[in-house]
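Naming convention: chains lettered A, B, ... in sequence-line order (proteins, then strands); numbering from 1 in each chain. Heavy atoms only: backbone and side chains are in, while hydrogens, waters and symmetry mates are out. Since this is a predicted model, take the numbers as computed values, not measurements.
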Number of protein chains: 2
Amino acid sequence: MSDSDTTRQPAKKGRPGYDQQAVLDVAVAAFIEHGYDATSMGVLASRLGLSKAAIYHHFPAKDQLLGAALSEALDSLEGVLAEPGAISGNAAARLAHVIRGAVRVLVNKLPYVTLLLRVRGNTEVERDALRRRREFDHNVTALVEAARAEGSLRDDIDPRVVTRLLFGMINSIAEWYRPGGPESADQLADDVLAMALDGLSTAPGT
Amino acid sequence: MSDSDTTRQPAKKGRPGYDQQAVLDVAVAAFIEHGYDATSMGVLASRLGLSKAAIYHHFPAKDQLLGAALSEALDSLEGVLAEPGAISGNAAARLAHVIRGAVRVLVNKLPYVTLLLRVRGNTEVERDALRRRREFDHNVTALVEAARAEGSLRDDIDPRVVTRLLFGMINSIAEWYRPGGPESADQLADDVLAMALDGLSTAPGT
DNA sequence: GTCTATAATTAGATAGAC
DNA sequence: GTCTATCTAATTATAGAC
């Protein structure tokens, strides 16, 4: 449930001798690069330097690799909604906390969240993930509505549109953010909040 | 180059007797539903009520179906940058024009743009599309920089981050907008501009 | 934990008739 | 413009040895 760090050290011996997590990380990187469907167990095996059969020792099927990655992302996102800062305080503060938390999770679990954002519901594993993601969205929309009712947010845009544009902005970070780049997660969260809440314009009321 | 309407009438005879455009539209719908890689020529044939071989009469290969769709999207987006409103006037007005134009293209060519936004560069066709899309982004970033130099936009966020968050917001519309829904393209563009330029907050300078 | 070998199925694509 | 039939290669997954 802690959302720091996505890459584990080998932790074990010298070389071959993968554990589940190490196999998963390589698989996730491949899924991101070529897409889940376009990544065959064959190229996955090449990347790992293993035979295809060896992968089946760690995961019973290809879609379980995806499932494990999606769960990791969803556990973290749902965790944000359960944090104290998302539960107590006025709605505007809780919403800001959730926005910061979502950016933090996105950055800290970048590969897993990246996969989550690309899921289309082809398999039962993917449909499960979509269901959990939709519930997360509903919870955020409720927060937006509360902040609006409170008078903290403008009321001339539909709350669902607001939530969608807001997370459109946040989620798009997965398409270009790379760890070790110039921006930190906190700075990125500041930028998102500044743009979303105060806007880009220097002239008021364009 | 006109970007209205994506669905053509049969225009021809009674039933089987597809033309290229009709085949393309069915293929694009399938690609969106299941993803390009997960859509086999077999299921495509079923959807069309044709044999696989018949599809090859209209398109020489599977990736040419994708290529035709991506070109349509890119032609329209590039067309926006060539419109008078994107060329003359101050930078802030030109940027607003491009944002409105991008939303308009997104809505009017929804299926094609949706596919464009999902391309990862697996094939040469996809890499070509990514190159064109990158150039579009560069042109918009230049506009953001000009608007900033002009004093119209806040200068405490990196222009590339601004462009990416802005188009993250715009492009995310493809994930939920459905024609015939409550929002019109113009209204949606208004919402995007309102949120991006003036922000959501009712309190100034949060 | 990894291997070789292979089963069973499906993929994209073509030939040639109508 | 569409068909049936077919090709080759690749796909996911399993069996069983080491």
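- Annotation: of the two residues near DNA chain D, B:Ala53 and B:Gln20, the 5′-most nearest-nucleotide partner is B:Gln20.
- When the P atom of D:dA9 is taken as reference, atom CE of B:Met41 falls 19 Å away, rounded to whole Å.
- B:Lys52 has its NZ atom 11 Å from the P atom of C:dT10, to the nearest Å.
- Rounding to whole angstrom units, CG of residue A:Leu48 and P of C:dG1 are separated by 13 Å.
- Neither OP1 nor OP2 of D:dT2 sits under 4.0 Å from any side-chain N or O of B:Ser51.
- Mapped onto DNA chain C by nearest heavy atom, B:Ser40 and B:Pro60 fall at different nucleotides, with B:Ser40 at the one closer to the 5' end.
- Taking only side-chain nitrogens and oxygens, A:His57 never comes nearer than 4.0 Å to OP1 or OP2 of C:dT2.
- Rounded to an integer number of Å, the gap from A:Gln64 CD to D:dT12 P is 15 Å.
- Both B:Gly42 and A:His58 sit near DNA chain C, but only A:His58 has its closest nucleotide nearer the 5' end.
- The CG-C1' distance, from A:Leu65 to D:dT12, rounds to 12 Å in whole Å.
- With respect to B:Asp137 and B:Arg134, no salt bridge is recorded, no charged nitrogen being found less than 4.0 Å from a carboxylate O.
- Here D:dG1 presents its P atom at 8 Å from CG of B:Asp19, a figure rounded to the nearest Å.
- Atom CZ of A:Arg154 has more than 12 neighbouring heavy atoms from other residues, nucleotides or ligands inside a 6.0 Å radius.
- Rounded to whole angstrom, the span from the CG atom of B:Leu44 across to the P atom of C:dA11 amounts to 11 Å.
- No more than 12 heavy atoms of other residues, nucleotides or ligands lie within 6.0 Å of CD in B:Glu135, so this atom counts as exposed by the packing criterion.
- The nearest whole Å value for the distance from the OH atom in B:Tyr56 to the P atom in D:dT2 is 16 Å.
- Nearest nucleotide to the B:Leu50 side chain, out of D:dC3, C:dT2, C:dG12: D:dC3.
- We find that A:Arg100 and A:Glu83 are not joined by a salt bridge, their nearest charged nitrogen and carboxylate oxygen being 4.0 Å or further apart.
- For the 3.5 Å distance criterion, the side chains of B:Gln187 and B:Asp191 fail to qualify, holding no donor opposite an acceptor.
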